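Here the structure comes first, spelled out in structure tokens, and everything after it is commentary.
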Amino acid sequence: MKPFAFARPGSVAEAVREVSAEPNAVFLGGGTNLVDHLKLGVARPDLVVDVRTLTSRETTDTADGGLLVGAAVSNSELAADRRVREHYPVLAQALLAGANGQLRNLATVGGNPLQRTRCVYFQDVTTACNKREPGSGCAAVGGYTRYHAVLGVPAALPDATAADTCIATHPSDMAVALAALDAVVHVLGPQGARTLPFRELHRLPGDDPSRDTVLGHGDLVTAIELPPLPMAARSTYRKVRDRASYAFALVSVAAALDVDGDTVRDVRLALGGVAHVPWRATRAEEVLRGGPATEHAFRAAAEAELAAAQPQPGVDGGNGFKIPLLTRTITATLRDLTEGATS
Amino acid sequence: MTDLLEPRAMGRDLVRRDGVQKVRGTATYAYETPVESPAFCHPVQATVARGRITGIDTEAAEALDGVLAVLTSENAERLASTDDAELAVLQSPDVAFRGQVVGVVVAETSELARQGADLVVVTYAEQEHDSALTVDHPGLYAPEKVNPSYDTDVVQGDVDAELAASAVVVSHTYATAMVHNNPLEPHASTALWDGSSLTLWDSTQGVHPDRKAVCTVFGLEEEQVRVVCPYVGGGFGSKGTPHANVVLVTMAARALPGRPVKLALTRQQMFSLAGYRTPTIQRMQLGADRDGRIRALTLDVVEQTSRIKEFAEQTGVPARMMYTANARRTTHRLAALDVPVPSWFRAPGECPGMFGPEVAMDELAHELGIDPIELRVRNDPERDPETGQPWSSRHLVECLREGAERFGWAGRDPRPGVRREGRWLVGTGVASSVYPTMRQAQSTADVRFEDGRYVVEIGAADLGTGAWTVLPQIAADALGVDVDDVEVRIGDTRYPIASVAGGSSGTNTWGSAIAVAAREFRGKFGTDPRDGDEASGQVDQADTDDEHATYAFGAQFVEARVDVDTGEVRVPRLLGVFACGRILNPRTARSQFIGGMTMGLSMALHENSVWDPRIGQVANHDLAEYHVTVNADVGDVQAHWLDEEDPYVNVMGAKGIGEIGIVGTAAAVSNAVWHATGVRVRELPVTLDRLLTALP
């Protein structure tokens, strides 16, 4: 734990200026992730800028029939919003599947997708971690990998000593739903306001595992926009975890399905707990679109998506089980949507 | 046989006397003790699993404004006794396990102490470490005794011959996971050394045992040390013996005479410094006749201890007395590893030791086509098979029968994997439980008549168990007065000596001492005492019985549901029936039983300290990753008990109840999951990956 300066500026623009001016500064939203990391020594900022009361706490209708959700809206509030429950049930369910009531009351829509990827070694400053300490290696390789990635990772046993190795997963449930819904992120940065597709917000480790997103220093998420998506009225979030509540996903599936008779007219599918990013299953979507809405086809699509999956060996049996688990969960989720069941 | 007290207050479901303070947040726990200008500690922990410290740079930490002291093995006081290696804190540069305390920073705030601890740079000459337990570890040895003083190996009869003569033999290896006690309140203390005496507010399961250990380690007289602990936020055994944190806070206080010092372990630190249950590997054989009568039972246990201090969990012990067998063998072998020191965890021995055998009984029942309850009934021994003594009371069969009735066991289809409700595969399971009824050798109670009321003082501990409430009930009946006229004071070494709250022995021991004190008081002063009249009683003056085998029994029933798509397990129903002598307070007792059963469910489905042998550490060392069962995992939890008064155990007729709830539950869960899915999970916890491949 390291002392830091704390600022609570009067406006969003001021907050962006303050963070931009200090290379080792961070924004503070709900703090449900950052405060843990401050205590553990994982995050060691010199300046913490509190934006909780600066961004909007409103969810407003957009002209095209979507929703604009202010970054300061809490996860609880968004989950309870009637419009979300009716038009984007996958999002409401994902929000309610995350954390617990107390944390959801604190966590913000702007902050939740920006929580760091989850890995016990990242959280423990006495072990090697390229994300926390670039170049130090990756203690997770061959370690406790139950919650680690199987998609977007190069090999079943990556080089633990390489500076670019990282097999952590993104833990947000909400983000998986947002990836499926083609949400749009509103950002205010040092160069002004811009938007980017939610699917492009997170990044694979690439050659720099220390960066979880494409945001630059001083970029502040001010709102998340949900475009109109009528088919999302029939959507669902299925989270599979080691206990019934208050646990990160082993795997999760966010899905929206539009079926015309026996044919899949359109589909949105995203996976959680399996990659460094909320994983949009574009390969499976392609296989499904225009094809039959049968369990067999759902399984085939899941297998197509997972063809490149890489199980990670580890001390507690590794995470190879995630591949059959994902196949089964994707298949079951789409099957249930076809049958009209929502859970 | 003893004359039982007439139960008037005993048996009533009185509310907790400490309940209001706890609900309102006014009950002060050790760390919250209001003191003037406290200083705060943060330990520095070893980052290698074995080695020797070659250098400690404390300069940056000491340079921090607000850091008061940095203690390491280079400058810490030399302790009077280092016989207990776990408590020989900062006495040597040797590192015996990763996470061991190698220093402590004391500062004006807890944040500064933590920052200071981060700044201490320790360099090591690292050595090869060995921290992985395997069933054939080359270093396996037979300890002299197992906890606390049971025989390591017991062989009765000709096991090989009986196995050969058996119509059916079930032979499997079972395993339970390493688990950490994880009470909600961490190990925490406030300590004040005034230059000649120590006051220690410590979260402990026994103020007197705590004081004794501190006196031994620091070479102090008992008069110099006062330990205070009115409330404990859970212990589950992990606060039954003091750990390194108690020595560390005392050391820090002695380095700053006159300054109160506080230390609370972080959740992560508790995974290295506060004890845990060893993983166990149980090789089990059950040989039986076609009619289910057991001919041979063998249980060979492999488990771990730390290289610096032995703790031998008595996992094989319950199998020695639970069921009939013509021949039997139980053994324990340990590997001493470069790991943190294991210790007591709720029902040491019985809890893991009833997993393998109770799953094996289920497997045997299936092999023989006999109902699992009936198999247990057929092997219910008339006398203790190990000692030949009669039971003081044994109503296991009644527990099984009543549980079956309440649970709706009758007509159960024994076939596994055939019941489906929607997306759920459904099954039911049962297992037996047992826990010895123990009384400790030493405890004293004082009874004093004061302002028209009876004040009872004894240094007992209430870990949330209900001692604050139940001891007055015993005292009231022993004195023959209304319970409202009795005040019991506990949790302070200023009161007479009391034994540890462990082994489910607290109520038996302290209650017996209180009953003696009440008898003495009435003998001396009659029924019309004067203000200030006082008498004392010791537990060793209470009637004892050496002629009987004294145990509590129980049976747990579980309905398990397994998601056919994902293998997720839910337990909508968990029901236990117990025979534990007289239940002194149904309200607090139910809480103990339900708490124990829920902890057993947690052991069955969730709790697993995942050991990373590459670095020698629990990988999932916080409560986000180390899963403890939550409300959503369990639906209807019920505890019931038989009307049992055991006249041989004590004048209350009561047996201990703090631990039996956890015993047997995990086996019942595993048995129910098998019944639901057809998958026999012999290694805990029962996680979905162990079921997935066998699901349709």
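Remember, it's a predicted structure, so these values are computed and weren't measured experimentally. Letters go in sequence order (proteins before strands), and every chain restarts at 1.
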Report task. Evaluate the criterion side chain to side chain contact (heavy atoms under 4.5 Å, CB included) for residue pair B:Arg114 and A:Leu40; output intermediate values, then yes/no. Result -> CA-CA 9 Å; B:Arg114 194 163 189 166; A:Leu40 294 169; 4.1 Å; yes

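You'll find the side chain of B:Val610 reaches within 4.5 Å of the side chain of A:Tyr144, heavy atoms only. Side-chain contact between A:Thr126 and B:Gln617 is present, with heavy atoms from C-beta onward closer than 4.5 Å. The shortest side-chain heavy-atom distance between A:Tyr121 and B:Asp612 falls under the 4.5 Å cut-off. Contact check for B:Leu688 versus A:Leu325: side-chain heavy atoms found under the 4.5 Å cut-off. Side-chain contact between B:Glu568 and A:Asp242 is absent, with no heavy-atom pair separated by less than 4.5 Å. In this structure, B:Pro613 and A:Val315 have side chains that are in contact, with non-hydrogen atoms separated by less than 4.5 Å.
Here the closest heavy-atom approach between residue B:Arg614 and residue A:Gly143 is recorded as NH2-CA, 3.3 Å. Contact detail for B:Gln115 and A:Pro3: the closest heavy-atom pair is NE2-CD, 3.0 Å. Listed here is the closest heavy atom pair of B:Ala632 and A:Ala244: O-CB, 3.5 Å.
Atom CG of B:Asp65 sits in a sparse spot, with 12 or fewer heavy atoms from other residues, nucleotides or ligands closer than 6.0 Å.
Neither the backbone nor the side chain of B:Asn631 has a heavy atom closer than 4.5 Å to any heavy atom of chain A. Contacts between B:His42 and chain A at a heavy-atom distance below 4.5 Å are absent for every atom of the residue. For B:Leu692, the parts sitting under 4.5 Å from any heavy atom of chain A are the backbone and the side chain alike. When heavy atoms are compared at a cutoff of 4.5 Å, B:Leu691 does not approach chain A at all. With a threshold of 4.5 angstrom between heavy atoms, B:Val634 does not approach chain A through any atom at all.
For the residue pair B:Asn620/A:Tyr147, the side-chain donor-acceptor check at 3.5 Å is not satisfied. Side chains of B:Gln268 and A:Asp124: a donor-acceptor N/O pair is absent below 3.5 angstrom, by distance only.
With sequence neighbours excluded, the residues that form a side-chain hydrogen bond (donor to acceptor under 3.5 Å, both in side chains) with B:Asp689 are A:Arg146, B:Thr687. Contacts of B:Ala672 classified as side chain to side chain contact (heavy atoms under 4.5 Å, CB included), with partners at least two apart in sequence or in another chain: B:Val558, B:Ala560.
With rounding to the nearest 0.5 angstrom, the CZ atom of A:Phe248 is 8.0 Å from the NE2 atom of B:His627. Here CG of B:Asp622 is found 8.0 Å from CG of A:Asp36. Values are rounded to the nearest 0.5 Å. From B:Leu119, atom CG reaches atom NZ of A:Lys2 across 10.5 Å, with rounding to the nearest 0.5 Å.
Here B:Asp563 pairs with A:Arg238 in a salt bridge; the nearest charged N to carboxylate O distance falls below 4.0 Å. Salt bridge B:Glu111/A:Lys39: absent, no basic N to carboxylate O contact under 4.0 Å.
No other option in A:Gly317, A:Gly41, A:Gly142 has as many heavy-atom pairs under 4.5 Å with chain B as A:Gly142. Most heavy-atom pairs under 4.5 Å with chain A, from the set B:Val628, B:Asp565, B:Ile615: that is B:Asp565.
A donor-acceptor contact shorter than 3.5 Å is absent between the side chain of B:Asp633 and the backbone of A:Arg243. The main-chain N or O of A:Met1 is found under 3.5 Å from a side-chain atom of B:Asp118 such that the two form a donor-acceptor pair. Looking at A:Arg328, its side chain never comes within 3.5 Å of a backbone N or O of B:Thr566 through a donor-acceptor pair.
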